There are 2 protein chains.
Amino acid sequence: MVKMIALYKQPKDKEAFDEHYKNVHTPITKKIPGLKKMKVTKITGSPMGESEYYLLCEMYYESHEALKKAMKTEEAKASAKDVMSFAGDIVTMMIGEEVDE
Amino acid sequence: MVKMIALYKQPKDKEAFDEHYKNVHTPITKKIPGLKKMKVTKITGSPMGESEYYLLCEMYYESHEALKKAMKTEEAKASAKDVMSFAGDIVTMMIGEEVDE
């Protein structure tokens, strides 16, 4: 499987972030055509104590082709625009493929 | 599920990294008691083109308690020591819990 990964650093206002993420960003993102699964991980710390990161979101697609196609849709553009509006300064986006280890 | 996450930036020598990761680090890490699943994701890029990141590894445990217990074992210490030996300057460790989105 191929996945788009969004890794967020600690937001200044966690409550406002959580509220927007859950009630605005997630519903917009789930509308992206071809999205198979969306998995959210709350970062709770690190082996050394605190972490500079807050949230990891993994969005699965069938293939790189399917992801590329999805990225061109209006729904994906709306999701990307929304991310930039509330977390543009703390988010890192990556594209990855799961491999057998 | 609770997971330990290792996020690696691009190594200087990818071939040496891959070789050590597959043949040395993965076998050591898989011996950690309580480890339920290890999922490796190759980072292939980002929506903007290249990514500064290279690899994401997610290691699953039953609970925070199980993870804490695992981290105290000799096997986990050997895995941590090995990571530091070949990727200490490019790895970021996080602890997270998957949530329903």
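Quick caveat: nothing in here was measured; it's all calculated off a predicted structure. To find a chain, count down the sequence lines: A is the first, B the second, and so on, and within it residues start at 1.
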Which bit of L67(A) comes within less than 4.5 Å of chain B, counting heavy atoms only: side chain, backbone, both or neither? neither
All heavy atoms of I90(B) vs all of Q10(B), minimum pair found to be CG2-O, 4.2 Å
Test the K36(A)-Y60(A) pair against the cation-pi criterion, namely NZ or CZ under 6.0 angstrom from the six-membered ring centroid and within 45° of the ring axis. no
Side chain / backbone / both / neither for K42(B) at chain A, heavy atoms under 4.5 Å: both
Is it the side chain or the backbone of L56(B) that comes within 4.5 Å of chain A heavy atoms, both, or neither? side chain
Answer with side chain, backbone, both or neither: which region of M94(B) has an atom nearer than 4.5 Å to a non-hydrogen atom of chain A? both
Report which part of E58(B) has an atom under 4.5 Å of a heavy atom belonging to chain A: side chain, backbone, both, or neither. side chain
For residues I95(A) and Y61(A), determine if any side-chain heavy atom of one lies less than 4.5 Å from a side-chain heavy atom of the other. no
Do the rings of Y8(A) and F17(A) sit parallel, tilted or perpendicular, given the 30° and 60° boundaries? perpendicular
Heavy-atom pair of closest approach, residues M93(A) and S46(B): O-CB, 3.4 Å
Do you know which two heavy atoms are closest between A78(B) and I28(B), and how far apart they sit? C-CG2, 3.9 Å
Which one of M4(B), K3(B), M71(B) has the most heavy-atom pairs closer than 4.5 Å to chain A? K3(B)
For L55(B), is it the side chain, the backbone, both, or neither that has a heavy atom closer than 4.5 Å to a heavy atom of chain A? neither
Side chain, backbone, both or neither of K68(B) within contact of chain A (heavy atoms, under 4.5 Å): neither
Strictly distance-based, threshold 3.5 Å: is any side-chain N or O of S79(A) a donor or acceptor partner for the main-chain N or O of A76(A)? no
Using heavy-atom distances under 4.5 Å, tell me whether M48(B) contacts chain A through its side chain, its backbone, both, or neither. neither
